[in-house]
Amino acid sequence: MSAQLSQNLLLAVPLAPLAGAIAAGLFGRFVGRRGAHWITCIGVAISLAISVQTLLAVLGGARFNATIYEWMQLGGLKMEIGFLVDGLTAMMMCVVTFVSLMVHIYTIGYMEDDPGYQRFFAYISLFTFSMLMLVMSNNFLQLFFGWEAVGLVSYLLIGFWFTKPTAIFANMKAFLVNRVGDFGFILGIGLLLAYTGTMHYGEVFAKGEELAKIAFPLPLFGGEWMLITVTCICLFIGAMGKSAQFPLHVWLPDSMEGPTPISALIHAATMVTAGIFMVARMSPLFELSDTALSFILVIGAITALFMGFLGIIQNDIKRVVAYSTLSQLGYMTVALGASAYSVAVFHLMTHAFFKALLFLGAGSVIIGMHHDQDIRNMGGLRKYMPITWITSLLGSLALIGTPLFAGFYSKDSIIEAVHASHLPGAGFAYFAVIVGVFVTAFYSFRMYFLVFHGKENFRHKPFPGEHDHHDDEHTHDDHGHGHDAHAHEPHESPWVVTAPLVLLAIPSVVIGFMTIQAMLFGDFFKDSIFVELEKHPAMEELAKEFHGATAMAFHGLTSLPFWLALAGVVTAYVFYMVKPSIPAAIARTFSPIVTILENKYYMDWVHEKLLSPAARALGTGLWKGGDQAVIDGFFINGSASAVGGFAALTRQVQSGYLYWYALVMIMGVIGLMTWQLWPFLSPWLGL
């Protein structure tokens, strides 16, 4: 496979997890719990092995772009399943399969007592299949299939504990918000199909210059809009839903109602990065519209900064990491807007490892704390959970951009790329990502210090369920997990939980140092990502300042982001370890701001009280007025009524009496004879 990529081996990459999902989902009762996790883990491990082999082949110059199966042909339009494997695809395949395998192994320990054990493994394997189909596609049809499939499985996983009202509300919220984004996405695909007549990436990109010259009037807004701008914004609206960008971000924090493993798989490493991947893949189109790039830049900056602020006031350990994910997705989006697509994808990769690590570390803490998720009830866990402690520390250091850690190389590159951009909105974006460095460091280490250091606040605090079941020796929390009501001592998690933490911690530290040269300044993405450097010089400016990974790390020690990150860590230590009265005093002083943050900028209120009723009113109007009145009432029922009326008249003639039929026949004969003889009779009658 060093020279060529085998079609059959590539097919095995998505099909192996699909086979595991079918076995665990449809035959879970027969294979049992052990069988379910073995089959699915082996399926994902096969995918990972072939993905690594594919990456090595791509590094050796191999490429693959071909149709695997032609589904149907409508005129000149071909609907196909096909794979495009280049540097971008190979990297995504490795990230998806590696993180997925870690989550599969971790799940064996985390979901050990859950009654839906086989179902959960079926879902996460099905999710892996869907994501692989998305990243490997070479056409918009397959991309949209993968796009919708990951949304569907995300819905199933968020609502996995379907007896929990909050979980059902959260999965419906995620589903509906993503429908809004997907409406924009399919409009963008539809515009490309209408004007190019094809859904194949290469054929669409080849017509990019033609698309850039097409304009059409928009009377509502006045003037003309360029087709490429409208198309790119529509495609990005899809990314806003999937990658949780403001204002379509509201679903992601609530999705923490699902089990922790899916937080790592879906909301850190894979599904939420689908939008980032899609925009990078569509770089030949986005490069043609500065307006669309500016829009992306501003949306990403708002998300990066303002979602970070919300992380400061969260007390649920998973929600802190969730808002961190929102903020980091904003950073990736900002890089896309600055035309630094390779930097965005680089941060996608590094972030996948350390954010999955932080989510799984949070899950390990939750296990150790008997499923208490409030960080105010923790403290001093370092001595009880040493592996979880050290891996969480490494993940936090990577997240805040500590020099030599993975996050440093990608995050600092984003900041420098935005600084070099000349697009409208770049100044605000640079301010947002710089301030975001301090905010990220503050909330990350606020959580770290409150969980692993300081006073042991879990002493003398009942664990969830105790106050409701005083007489029960064995109680259950809302998640369906059992715990001993008298076992107050935290404990380290089993090896199936800690082993993935260690394996994720390694790339969280070294992957940035190892890959920055090739991914940002080499030719790894040479035929995947296209940038017009004359118009968008950010990557060119970065290349001039780059003198190697080691030199970048040493220079980073003197840079503004490093000192802001250090200030954030020190501030968190002083506020929560030295003088815990300070944050309380600040909260009292700025209580209106705290109220706004606690209500998440009232975005849920806007969605539920304003947008939802408006959408419902529009839907009701289209239903009553359009569907029932026009389509059903006029066209369907109206045509049926017309036919019925005509039939009723005809029925009057069809009496069934012989004399009536004879009379009609005689009248018909007389009528025909009159018609034929009229030319001769009319002169004689004087007419």
Side-chain angles (χ1 to χ4, degrees), residues 17 20 24 33-34 36-49 51-52 93-114 117 120-121 123-125 127-128 131 157 160 256 258-271 273 317-318 321 324-325 349-369 371 381 385-399 405-407 451-452 481 491-511:
R33 296 165 77 88
R34 285 174 61 83
H37 70 236
W38 273 110
I39 291 169
T40 51
C41 286
I42 289 170
V44 177
I46 290 170
S47 287
L48 174 59
S51 297
V52 171
M93 287 164 63
C94 289
V95 169
V96 170
T97 52
F98 178 75
V99 174
S100 178
L101 181 59
M102 294 302 101
V103 170
H104 275 71
I105 296 170
Y106 179 94
T107 300
I108 297 171
Y110 191 85
M111 303 292 285
E112 183 181 10
D113 300 323
D114 199 282
Y117 192 79
F120 189 83
F121 275 99
Y123 286 171
I124 57 177
S125 270
F127 177 85
T128 308
M131 192 68 194
L157 283 165
F160 180 77
M256 296 301 109
T260 299
I262 66 119
S263 300
L265 180 62
I266 294 182
H267 308 122
T270 52
M271 182 180 124
T273 60
I317 188 169
K318 282 171 65 177
V321 188
S324 166
T325 301
M349 179 191 72
T350 60
H351 174 264
F353 295 118
F354 62 72
K355 189 52 63 67
L357 170 60
L358 286 170
F359 266 121
L360 296 185
S364 180
V365 168
I366 292 167
I367 294 171
M369 289 297 297
H371 298 276
L381 294 184
M385 309 180 72
I387 299 174
T388 304
W389 160 66
I390 192 66
T391 51
S392 296
L393 175 60
L394 293 173
S396 298
L397 290 171
L399 171 61
F405 284 73
V451 171
F452 294 106
H481 293 88
H491 56 84
E492 184 59 278
S493 302
W495 73 267
V496 288
V497 171
T498 55
L501 296 182
V502 174
L503 291 172
L504 283 166
I506 295 168
S508 297
V509 177
V510 303
I511 197 76

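Worth saying up front: this structure is predicted, and the values here are computed from it rather than measured. This chain uses plain numbering: 1 for the first residue, then up along the sequence.
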Ignoring hydrogens and angles, state whether a donor on the side chain of Thr273 or His351 is under 3.5 Å from an acceptor on the partner side chain.
->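 Checked: Thr273/His351 side chains show no N/O donor-acceptor pair below 3.5 Å.
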Is it the case that Thr388 and Glu492 place a side-chain donor and acceptor less than 3.5 Å from each other?
->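 There is such a pair (donor and acceptor under 3.5 Å, judged by atom type) between the side chains of Thr388 and Glu492.
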Any chance you could measure [X], atom [atom1], to [Y], atom [atom2], to the nearest 0.5 Å?
X: Ser508; Y: Leu394; atom1: OG; atom2: CG; value: 7.5 Å
X: Met385; Y: Leu501; atom1: CE; atom2: CG; value: 9.0 Å
X: Tyr117; Y: Tyr110; atom1: OH; atom2: OH; value: 14.0 Å
X: Ile511; Y: Leu504; atom1: CD1; atom2: CG; value: 11.5 Å
X: Leu101; Y: Ser51; atom1: CG; atom2: OG; value: 11.0 Å
X: His371; Y: Thr260; atom1: NE2; atom2: OG1; value: 8.5 Å

For Cys41 and Ile108, run side chain to side chain contact (heavy atoms under 4.5 Å, CB included): C-alpha distance rounded to whole Å, both residues' side-chain angles, the deciding distance at 0.1 Å, then the answer.
-> CA-CA 10 Å; Cys41 286; Ile108 297 171; 4.2 Å; yes
Check [X] against [Y] and note the closest heavy-atom contact, atom names and distance.
X: Thr128; Y: Val96; value: CG2-CG1, 4.3 Å
X: Pro17; Y: Val44; value: CB-CG2, 4.4 Å
X: Thr498; Y: Ser493; value: CG2-O, 3.6 Å
X: His104; Y: Phe121; value: O-CE2, 3.5 Å
X: Pro261; Y: Thr107; value: CB-OG1, 3.4 Å
X: Leu357; Y: Ala505; value: CD2-CA, 3.7 Å

N/O donor-acceptor pair under 3.5 Å between Tyr106 side chain and Ser364 backbone =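 Present.
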Would you confirm whether Ser392, through its side chain, and Trp389, through its main-chain N or O, come within 3.5 Å as a donor-acceptor pair?
->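 Judged by distance alone, no pair lies under 3.5 Å.
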After noting the C-alpha distance and the side-chain angles of Ile366 and Lys318, does the key distance pass the side chain to side chain contact (heavy atoms under 4.5 Å, CB included) rule?
-> CA-CA 9 Å; Ile366 292 167; Lys318 282 171 65 177; 3.7 Å; yes
Taking C-beta and beyond as the side chain, do [X] and [Y] meet within less than 4.5 Å on heavy atoms?
X: Phe98; Y: Val52; value: no
X: Ile262; Y: Pro259; value: yes
X: Val497; Y: Leu360; value: no
X: Leu358; Y: Ser324; value: no

Test side chain to side chain contact (heavy atoms under 4.5 Å, CB included) applied to Ala24 - qualifying residues, sequence neighbours left out |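 Counting only residues at least two positions away or on another chain, Ala24 forms a side chain to side chain contact (heavy atoms under 4.5 Å, CB included) with Ala36, Thr40, Ala122.
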Is the distance between the ring centroids of Phe405 and Phe354 less than 6.0 Å?
->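 No, the ring of Phe405 stays outside the 6.0 Å limit from the ring of Phe354, centre to centre.
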So Met102 and Val99, side chain to side chain contact (heavy atoms under 4.5 Å, CB included) or not? Walk me through it.
-> CA-CA 5 Å; Met102 294 302 101; Val99 174; 5.6 Å; no
Can Met111 and Phe160 be said to form a side chain to side chain contact (heavy atoms under 4.5 Å, CB included), step by step?
-> CA-CA 12 Å; Met111 303 292 285; Phe160 180 77; 3.5 Å; yes
